[in-house]
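In what follows, a single structure is set out as C-alpha cells and then discussed.
Numbering of ligands and ligand atoms starts at 1, following listing order.
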Amino acid sequence: MTVPAAVGVYGGGRMGAGIAHAFAVAGSTVTVVETDAAADAARARVEKSLAKAAEKGVAVGGTVTVVTDPALLSGLPLVVEAVPELVELKHSVLASIARSAPGAVIGTNTSSLSIDVLAGALPDPSVLIGLHFFNPVPASDLVEVVVGERTPSALVERAQEWVRGLGKHAITVRDSPGFASSRLGVAIALEAMRMVQEGVASAEDIDSAMTLGYRHPVGPLRTTDIVGLDVRLAIAEHLERELGPRFTPPQLLRDKVEAGQLGRKTREGFYRW
Ligand SMILES: NC(=O)c1ccc[n+]([C@@H]2O[C@H](COP(=O)([O-])OP(=O)(O)OC[C@H]3O[C@@H](n4cnc5c(N)ncnc54)[C@H](O)[C@@H]3O)[C@@H](O)[C@H]2O)c1
C-alpha cells in the first residue's frame, strides 16, 4: 500500500504546508483547511514549496488545494491536523474533523501533547494516531508514529505503510512525554548545558564531541540555538513535570532566556550568530 489517493491536512502553516507537500509528491490529492485570515499565506507557502521541488526535478504526482470550509474534508480516509500546539484548539479542530469526515483516520502532528488526552475530544478515540513530522518536512526522513492507549494495532501498521509511501522512515513510539525524539534530544542538550555551566569544555568543543565523535550532523548546543532556547526551556519544564528532576533545566539555560539570549533568532545563545 502507498499513501491514500486523497488526504486532508488541517492547518497550512509551516508544518501543514510541508505535510501537504510530502503527500502531493507521493501522488495524493491534498485538501488543506485553513482560516480565512491565513488561507492566502498558506497557498503561497505550498506553491513556493512545490515550485522548489519542481526546480530540483522532483516529480509532483498530486495536487494541493487550500480551502476554508472543513466540510470539504467529507469522505477523505485520512486527515492530518497541524494547527498550533494548544490543547483547546486541537480539541475543537479534532471534533470538527470528526464531524466533517466521519470515519476518517486522524493523524495529529502534535510535538508534545498526549495522544490519549487529544483522543478524548473524539466520539471514536480509536481513529487518532500521532504522526509527528519533522521540520522542514520535505527534507526530513523521520516520522514518529505515536500510539495511544486506544489506537488499534491495524491502524499502527497502516500508518507505518503511509510513512513508507511518503519515502520516509517511521519509528513507532508509545504515547509518552516527549515521545522518543524530544526526550532524547533534550536530554543530551541539557547535559551539554550542564557541562558548559561546570566549565568542562567550551560549547564548540562539546558540540564537536558529538558531531565528530558520534557523527551527529549538528551538535546539541548549536541545535538548541537553532530551535530557540525559550522553546527548549519550555519543553524541559514540561518533561520535568512529567518525568522528574532528570529534566530540570540548568540555571545557565534559565539565565540566558531571562537575558533574552534565545539563540539564532536573537543572534546570541550558546553561539553568536
Ligand atoms: N515547527 C516545528 O518545528 C514543528 C515540528 C514538529 C511538530 N510541530 C507541531 O506542528 C503543529 C503546527 O506547528 P507549525 O509550526 O506548523 O505552526 P504554524 O503556526 O506555522 O501553523 C499553524 C497553522 O494553523 C492554522 N490554524 C490555526 N487555527 C486554525 C483553525 N481553527 N482552522 C484551520 N487552521 C488553523 C494557522 O493559521 C497556521 O497557518 C504544532 O502542533 C506543532 O507542535 C511543529
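Looking at atom 11 (C) of ligand 1, its nearest protein heavy atom turns out to be Val83 O, 3.4 Å. Closest protein heavy atom to atom 29 (C) of ligand 1: Thr35 CG2, 3.5 Å. Looking from atom 36 (C) of ligand 1 to the surrounding protein, the closest heavy atom is Glu34 OE2, 3.4 Å. Protein heavy atom closest to atom 32 (N) of ligand 1, with residue, atom name and distance, is Tyr10 CE2, 3.2 Å. Summary of contacts: the protein heavy atom closest to atom 14 (P) of ligand 1 is Met15 CG, 3.8 Å.
Polar contact with ligand 1: present for Lys90 (N/O pair, distance under 3.5 Å). Polar contact with ligand 1: present for Ser111 (N/O pair, distance under 3.5 Å). At a 3.5 angstrom cut-off on N or O pairs, Arg45 does not count as close to ligand 1.
Note on ring orientation: taking the six-membered ring where Trp is involved, the planes of Tyr271 and Trp273 are perpendicular (angle over 60°, cut-offs 30° and 60°).
Only the backbone of Phe133 comes within 4.0 Å of ligand 1, counting heavy atoms alone; no side-chain atom from C-beta on gets that close. When non-hydrogen atoms are compared, ligand 1 lies under 4.0 Å from the backbone of Val33 (N, CA, C, O) but not from its side chain. Residue contacts with ligand 1, taken as heavy atom pairs separated by less than 4.0 Å, involve Ala38 solely via side-chain atoms from C-beta onward.
Within ligand 1, counting atoms from 1 as listed, the ones closer than 4.0 Å to a heavy atom of Pro84 are 22 (C), 24 (O), 27 (C).
Of the options Thr110, Val231, Asn109, the smallest heavy-atom separation from atom 8 (N) of ligand 1 is shown by Asn109.
Under a 3.5 Å cut-off, the side chain of Glu81 and the backbone N or O of Val83 do form a donor-acceptor pair.
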